[in-house]
2 protein chains.
Amino acid sequence: MAVGSSEEKTGTRERILEAAEGLFAERGFEVVSLRDITSLAGANVAAVNYHFGSKEKLVDAVVERHATPVNRKRMAMLDEAEERHAGGPVPVREILEAFLNPLIEHISGGEREQQLFCKFMGRLMGERGYRLPESVEPMFQAMAARFSLALQKAVPELSEELALWRMHFSFGVMANTLMHGETLRQISAGRAGNPTVEVLLERIIDFCTAGFHAPAEPGRGDG
Amino acid sequence: MAVGSSEEKTGTRERILEAAEGLFAERGFEVVSLRDITSLAGANVAAVNYHFGSKEKLVDAVVERHATPVNRKRMAMLDEAEERHAGGPVPVREILEAFLNPLIEHISGGEREQQLFCKFMGRLMGERGYRLPESVEPMFQAMAARFSLALQKAVPELSEELALWRMHFSFGVMANTLMHGETLRQISAGRAGNPTVEVLLERIIDFCTAGFHAPAEPGRGDG
DNA sequence: GACTGTTTAAAACAGAGGTTTCAACTGTCA
DNA sequence: TGACAGTTGAAACCTCTGTTTTAAACAGTC
């Protein structure tokens, strides 16, 4: 059934997955054609439909390949944090770190692979707009529910509604920065330095942590 | 040259612009075909190339149509705020309001048009990734420079670099929420209520204002 | 009414997209 | 060897894309 040993010569299926990941990250899901992918992977066009069934399912496969381990790690980190605080509320900063760090740790390759993967995850959150393959949706919902609950315990002074929206705001910062981080660096060339991915994500967490702790109704009292 | 009176019967050019705006907002720039647009507008396919020259230029026209007045209003509001504070630094909240309020005020129509326009602007910031038509790019750059400067004066304790990044983070929240706000409401159906656009944007400003005032290096001192 | 320039309509164009077909080629098992 | 499931390669299929062409309809003006 499966090839099994994938040491010496990588299988076609695997090569397609890797090529697709890079191209999707670089240009987007809908713009990249199957011929782009297969020519980069050194495979035939028909191979995609043979191995995956359709382009849409290839996209799903690429998403699933990374989303599953990252989400698992997120839940694990949140578990650890909750144990560390022994049932008490986990600080917002640690919750956000549990959300973002697995993304970073999942990156093992060099500079270029970092950029690609970041853009890919950014697109996943941004371009596809929370629409996920069915195979990973339950896991995503479970994760979202876990993080939502943890955040509500972390900022009990906020209404459930407000906490939820601020969680979404944080996702927005992350998605947008992951996707356009490279462009932003070029735009602000020199002025905004050239922070590493790690530093950048730490700044995101600083920003969002403070955002979460904003007073509940500051806009009401003082126009 | 121009039609001039556009009261009784809207011209083809105008109908195409409106149809395009709605469809672009709903589905994205690259996915919508000219035939989608023209059939909705009740016009012929060739009309697009006749009136605009190409699809790309049609996109530019749609962008320009809204971006220009909104950006002008943004600058004007920032001017007013700066006069109000007589040369002193303008509070972050007011700067962010000057950035977002023109977007809201530009919306005059009903519920549906609000959603469409919000999504459109969201896509403009998100999907096209800071890549703008040449005709409006100078104005955007001028605006970005103005807001950047104002924010640096508002939070002088931050390095120029950090202030710039936090400005980008704020853009990210805005873009993401504008684009996916509708989806988010559905996802969190009931739990997250159904805030109006105005309330939602006020919450964004609360969040980002607090994010801007986060300490410069909180991640360093306490791991 | 014939001559302008402008606008619309229908059809055709060339190209690219995802998908399918089918023959050729692997390897394994009998 | 032969049979057979699994896999690949080249080509074709059909649809849809943006664009162009061509001719007809329209508004004015002399």
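Proteins come first, then strands; the chains are lettered A, B, ... in the order of their sequence lines, and each starts at number 1. Here the structure is a predicted model, which means the values were calculated and not measured.
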* Got a sec, which pairs hit salt bridge (charged side-chain N to carboxylate O under 4.0 Å, His left out) with one end in residues 31-51 of chain A, sequence neighbours left out? ->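 As it turns out, the salt bridge (charged side-chain N to carboxylate O under 4.0 Å, His left out) pairs with a partner in residues 31-51 of chain A, which skip direct neighbours, are A:Arg27-A:Asp36.
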* Mind grabbing the angle between the end helix axes of the helix from C:dG1-D:dC30 to C:dA30-D:dT1? Five pairs an end, 10° rounding. =>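 The value is 30°.
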* **Selection from C:dG18, C:dT8, D:dT8 that lies nearest to any side-chain heavy atom of B:Tyr50** =>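 Nearest to the side-chain atoms of B:Tyr50, counting from C-beta on, is C:dT8.
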With sequence neighbours excluded, what pairs up with [X] under the side-chain contact (heavy atoms from CB on, under 4.5 Å) test?
X        : answer
A:Asn44  : A:Ala46
A:Val90  : A:Ala81, A:Glu82, A:His85, A:Glu94, A:Ile95
A:Leu149 : none
A:Ala19  : A:Ile37, A:Leu40, A:Ala41

* Which residues pass the ring-ring contact (aromatic ring centres under 6.0 Å, His included) test with B:Phe207, sequence neighbours left out? ->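 With neighbours one apart ignored, the set is A:Phe169.
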* Considering residues at least two apart in sequence or located in another chain, which fulfil the ring-ring contact (aromatic ring centres under 6.0 Å, His included) criterion with B:Phe147? ->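 Only B:Phe99 meet the ring-ring contact (aromatic ring centres under 6.0 Å, His included) criterion with B:Phe147.
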In whole angstrom, what separates [X]'s [atom1] from [N]'s [atom2]?
X       : N      : atom1 : atom2 : result
B:Phe52 : C:dT6  : CZ    : P     : 17 Å
B:Arg15 : C:dT7  : CZ    : P     : 13 Å
B:Leu34 : D:dT20 : CG    : P     : 11 Å
A:Phe29 : C:dG18 : CZ    : C1'   : 18 Å
A:Lys55 : C:dG18 : NZ    : C1'   : 8 Å
B:Ile16 : D:dT19 : CD1   : P     : 13 Å
B:Leu58 : D:dT17 : CG    : C1'   : 15 Å
A:Asn49 : D:dT8  : CG    : C1'   : 14 Å

* Asked: So, is A:Thr12 near the phosphate of D:dT8, with a side-chain N or O under 4.0 Å from OP1 or OP2?
  ->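 Yes, within the criterion.
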* **Short side-chain N/O contact to D:dT8 OP1/OP2 from A:His51, under 4.0 Å** =>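 So the side chain of A:His51 is within the cut-off, an N or O lying under 4.0 Å from OP1 or OP2 of D:dT8.
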* Does A:Asp79 reach the side chain of A:Arg146, with side-chain heavy atoms less than 4.5 Å apart? ->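 A side-chain contact under 4.5 Å exists here.
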* To do: With sequence neighbours excluded, tell me which residues meet side-chain hydrogen bond (donor to acceptor under 3.5 Å, both in side chains) with A:Asn49.
  =>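 Partners of A:Asn49 by the side-chain hydrogen bond (donor to acceptor under 3.5 Å, both in side chains) criterion come out as none, since no residue qualifies.
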* Go through the structure and list residues passing side-chain hydrogen bond (donor to acceptor under 3.5 Å, both in side chains) with B:Glu14, not counting sequence neighbours. =>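 Checked B:Glu14 against side-chain hydrogen bond (donor to acceptor under 3.5 Å, both in side chains); matches are B:Arg65.
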* Looking only at heavy atoms, which two atoms of B:Gly42 and B:Arg15 are closest? And how far apart? ->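 Looks like O-NH2, 3.3 Å.
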* Asked: Looking at residues 36-48 of chain B, who's got a heavy atom less than 4.0 Å off DNA chain C?
  ->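 B:Asn44, B:Ala46 - these, ordered by number, are the residues of the stretch whose heavy atoms sit under 4.0 Å from the strand.
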Protein-nucleotides 12-16 of chain D N/O pairs closer than 3.5 Å?
none

